Protein chains: 2
Amino acid sequence: MSKNLTSRAEDYSKWYNELVVKADLAENSAVRGCMVIKPYGYAIWEKMQAELDRMFKETGHQNAYFPLFVPKSLFEAEEKNAEGFAKECAIVTHYRLQSDPDKPGKLRVDPEAKLEEELIVRPTSEAIIWNTYKGWVQSYRDLPILINQWANVVRWEMRTRLFLRTAEFLWQEGHTAHETKDEAIAEALQMNNVYATFAENFMAIPVIQGVKTESERFAGAVETYCIEALMQDGKALQAGTSHFLGQNFAKAFDVKFANKEGKQDYVWATSWGVSTRLMGALIMTHSDDKGLVLPPNLAPIQVVIVPIYKSDEQLDAITKVANDIMSQLKQHGVSTKFDNRTTQRPGAKFAQYEMQGVPLRIAIGPKDLENKTVELARRDTLTKEIVALNGLPELVKGLMTEIQDALFNKALTFRNSHITQVHTFDEFKHILENKTGFVSAHWDGTAETEQKIKELTKATIRCIPLDEQNEAGECVFSGKPSQKRVLFAKAY
Amino acid sequence: MSKNLTSRAEDYSKWYNELVVKADLAENSAVRGCMVIKPYGYAIWEKMQAELDRMFKETGHQNAYFPLFVPKSLFEAEEKNAEGFAKECAIVTHYRLQSDPDKPGKLRVDPEAKLEEELIVRPTSEAIIWNTYKGWVQSYRDLPILINQWANVVRWEMRTRLFLRTAEFLWQEGHTAHETKDEAIAEALQMNNVYATFAENFMAIPVIQGVKTESERFAGAVETYCIEALMQDGKALQAGTSHFLGQNFAKAFDVKFANKEGKQDYVWATSWGVSTRLMGALIMTHSDDKGLVLPPNLAPIQVVIVPIYKSDEQLDAITKVANDIMSQLKQHGVSTKFDNRTTQRPGAKFAQYEMQGVPLRIAIGPKDLENKTVELARRDTLTKEIVALNGLPELVKGLMTEIQDALFNKALTFRNSHITQVHTFDEFKHILENKTGFVSAHWDGTAETEQKIKELTKATIRCIPLDEQNEAGECVFSGKPSQKRVLFAKAY
Ligand SMILES: [Zn+2]
Ligand SMILES: [Zn+2]
């Protein structure tokens, strides 16, 4: 913990990688591309899960669990989906090991235990779930099906980074089935909105809700909605997606229902997900050169109390005050830790909690005992002040809201100041390379132009914002007529 | 839902299989041996998870997450553990699919995308976790490590049954690291006790805490503690295990620490787990020929209100009363559902909630409106009574405790009456075949005798109870001297 982080200005990417490890969030494992999520990182993920789960249930969804494996014949049933994931999936071919006759004490795959049909480790669960839904749906009375699953998935990415892109990751995937197209679209939009609300209110990350272009769409979707966030280095990050799947999976798996008129029709579908990638977004939105900065709503420890003492008598006296503060804060719903380890000096503790992003630190020393005060230090602003013990719980409670809001507003100001309207392709390139952030530009709507811009600038169309107004203009690249601006950016 | 279950007396095994499906708990999937856990079944599992998670955290544990895959070289490092699981593991050998040149639109495994080292889908995580702990432990100051993981695991079982034995299942696995042998043994015993408390207080399942014989021990453990329950058909079910692993994994993965005297020593380990198998124990302990019976502490719906009406006006009036009851019950912490579906008759609803084990049903009809009463029906006793609306919430709240206790006591009476001390092997066989249950007998302590008894009777030693007193005797099979009775039973 003692060594400093590389600064963001020096090497943003290195800063991120170091921070994840030094803040004790995650580390690489012995399995290529797979991470170990450490207890402190997992505790943040658990807070995200709890709130998302609450929001899903509040909107009528239930959790369930479907198999980890997808038989190859089911995997390939929806062709576009299969194509999209075929190049990056882990495949189980055997079900037994045996002693290796050539190497005593070692094992080898038993060649006689080959599966008749290979199993794909799920990269996403549409195939296995829609094959199951087939047995659940006969009539409109069986609809809607509103199910979510918390699970691990595997995508064999070649270049991985902790949280942002890993071969195995944790996520939730909602899979819903509906009578009508309109109802399915409304569901997809509703869940995208749930993600936006969660990102803004809990993660303190401002996001833009939009729709993806065809080339950025989920494999097998008719429409992909998304929330896009902006990181401190001016690159965008897709923080969640919600897909209107049309009848693609219903047709691939023959899921029909008798509608209210008694006619057979294919079921309409959505799917939506967020993953441990959100941890990457959280880190890169708020953190600084001293380490992680956590919004109070997601902080496993909201307040830490550090005693500063020379004698055991002083520690005893401080402990009494600290216990008092803790029990009062608990009553106010603030989670507090009293770090009375004798193996660490206060300076080392300060550095650790700064690195780990604890929103508020309370230091209590002998002078504070005399004056009935404590020292408060805010992690987000790195400011300190001496305050009276009297009234402390209310003050701290208020600061939790204040810090949460301050983080959101800071990120919002940064984000808003990094959406730049451009009118020429020179301007486009200049903004992208120098100011960075989102570039708002007219686009002619063709995949060809999108592809060329990507090749020339590495920028992709992050989304067509849902609230974007129509505005006649000319494509920033081709000069052809355009009805709307879209948002380009380099992205994670 | 309408068809009756096969009765337990007719065919216990068929009764179980039908119940799991008809109560909407789980079903078989398209993947051999893997199940789909349906929303109602998953909601019960979530209640188990929440309480266990609370108990783990209360005893100082934190959650984390480790990779799904174990490289073969790590898997085989602890030899006994590897041997124990080698014959039943799913193996990933490739990481890419490609278009099948022989079958348009189909995919095949890309032969060029073969992994250099095969990956085992975790059947348990000791190997990957101890390989990780190696990097976390240098000195006694880094100990203990008290970590739990909620995860899916895969064991390629040949004969599977929903919840009881499935190729993939959900579980939690605790993995702890300690300075001393005594501390590790105390941890293993503590967690076994947590499981016992959970089983008895939440699942209303009486359990016997014991230690396994060497032949029934977890592969790689020095000692395996367990909780053993008795099902209604007189067969035992191992509901949870907690292992003292000695230094076996520390030695296999070279995890040493500098102790307080500055000497290098291997770390001491435990692991402990319970799984979705608990769902099978829950079902088979309490349920009857009408379907599932749930203890209130684990019931997703504790009370269901069913309206009985002929006219819309009656339904309106009943709805007002029902809403009133619901809000009062909510205040008393009782979860209630008002089933006002117009597509189902009351009789069908009654049958559904009986099948699904809702502990208490409240029916409200026109007469009840006049008399300010409701009809209460208990699922466990199948008794009904008319009670006054006045005082209903307190009555219901009290019934939740009463039903919880009644289920436990009923199961305890059954269990206690099915522990039979025997003195001869004839008696042993007679009891096992006719009375069934646990047979308490002297055993000479040899694996040979244990094996012969198993071959002759299909009974295994379920455990040596922790509270069993020493008592001189002669082995029921060999006649050799014995110091203690052990519990035999046929088991799931
Ligand atoms: Zn301009
Ligand atoms: Zn006898």
Side-chain angles (χ1 to χ4, degrees), chain A residues 27 29-31 34-43 45-46 62-72 74-76 79 82 86-99 105-110 113 118-121 128 131-132 135 141 147 151-152 154 156 168 170 343, chain B residues 27 29-31 34-43 45-46 62-76 79 82 86-99 105-109 113 118-121 128 131-132 135 141 147 151-152 154 156 168 170 343:
Chain A
E27 65 183 40
S29 77
V31 190
C34 292
M35 64 182 159
V36 171
I37 306 179
K38 298 186 79 175
Y40 191 63
Y42 200 85
W45 174 241
E46 279 183 314
Q62 294 180 292
N63 290 327
Y65 189 77
F66 297 86
L68 170 67
F69 301 126
V70 187
K72 189 169 74 65
L74 295 184
F75 183 81
E76 65 198 5
E79 237 175 293
K87 292 201 179 66
E88 51 180 39
C89 54
I91 306 156
V92 175
T93 57
H94 292 73
Y95 58 86
R96 195 163 62 217
L97 293 165
Q98 61 178 196
S99 298
K106 303 287 176 180
L107 298 168
R108 68 167 192 190
V109 175
D110 182 347
E118 295 89 354
L119 299 174
I120 316 306
V121 181
I128 190 76
N131 183 63
T132 306
R141 283 183 214 88
I147 284 184
N152 54 342
V154 172
W156 208 260
E168 182 193 16
L170 303 183
T343 49
Chain B
E27 65 182 41
S29 77
V31 190
C34 293
M35 65 182 159
V36 172
I37 306 179
K38 298 186 78 175
Y40 191 63
Y42 200 85
W45 175 241
E46 279 183 315
Q62 293 181 293
N63 289 327
Y65 189 76
F66 297 85
L68 170 67
F69 300 126
V70 187
K72 189 170 73 67
S73 58
L74 296 184
F75 183 81
E76 65 198 3
E79 239 176 293
K87 292 201 179 67
E88 51 180 39
C89 55
I91 306 156
V92 175
T93 56
H94 291 75
Y95 59 85
R96 196 163 61 219
L97 294 166
Q98 62 178 195
S99 299
K106 303 287 176 180
L107 298 167
R108 68 167 193 190
V109 175
E118 294 89 354
L119 300 174
I120 316 306
V121 181
I128 190 76
N131 183 63
T132 306
R141 284 183 213 88
I147 284 184
N152 54 343
V154 172
W156 208 261
E168 182 193 15
L170 303 183
T343 49

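Quick note on labels: first sequence line is chain A, next is B, and so on, each numbered from 1. This one's a predicted model, so the numbers in the text were calculated from it and none came from an experiment.
Aromatic ring orientation, Tyr95(B) versus Trp156(A): parallel (interplanar angle below 30°, classes split at 30° and 60°).
If you measure heavy-atom distances from Gln98(A) to chain B, you find no contacts under 4.5 Å at all. Looking at Asn131(A), the atoms closer than 4.5 Å to chain B (heavy atoms on both sides) all sit in the side chain, from C-beta outward. Only the side chain of Glu79(A) has a heavy atom closer than 4.5 Å to any heavy atom of chain B. Looking at Glu88(B), the atoms closer than 4.5 Å to chain A (heavy atoms on both sides) all sit in the backbone: N, CA, C or O. With a 4.5 Å cut-off on non-hydrogen atoms, Phe75(A) touches chain B through its side chain but not through its backbone. With a threshold of 4.5 angstrom between heavy atoms, Leu68(A) approaches chain B through its backbone and through its side chain.
Separation of atoms CD (Glu168(A)) and CG (Leu119(B)) is listed at 11.0 Å; rounding is to 0.5 Å. Note that the NZ atom of Lys106(A) and the OG atom of Ser73(B) stand 7.5 Å from one another [nearest 0.5 Å]. Atom CD1 of Ile91(A) and atom OG1 of Thr93(B) lie 7.0 Å apart (nearest 0.5 Å). Distance check, rounded to the nearest 0.5 Å: CG of Asn152(B) to CZ of Phe69(A) gives 8.5 Å.
Chosen from Gly41(B), Gly105(B), Ala86(B), the residue pairing most often with chain A at heavy-atom distances under 4.5 Å is Ala86(B). For the set Val154(B), Thr132(B), Leu97(B), the entry with the most heavy-atom pairs within less than 4.5 Å of chain A is Leu97(B). Chain A forms the most heavy-atom pairs under 4.5 Å with one residue out of Met35(B), Glu118(B), Arg108(B), Lys87(B), and that residue is Lys87(B).
Residues Phe66(A) and Ile37(B) form no side-chain contact, since every pair of their non-hydrogen atoms from C-beta on lies 4.5 Å or further apart. At a threshold of 4.5 Å between non-hydrogen side-chain atoms, the residues Pro67(A) and Val36(B) count as touching. Annotation: side chain of Asn63(A) is not in contact with side chain of Pro39(B) (no heavy-atom distance under 4.5 Å).
With Lys72(B) contributing its side chain and Leu107(A) its backbone, the two residues share a donor-acceptor pair below 3.5 Å.
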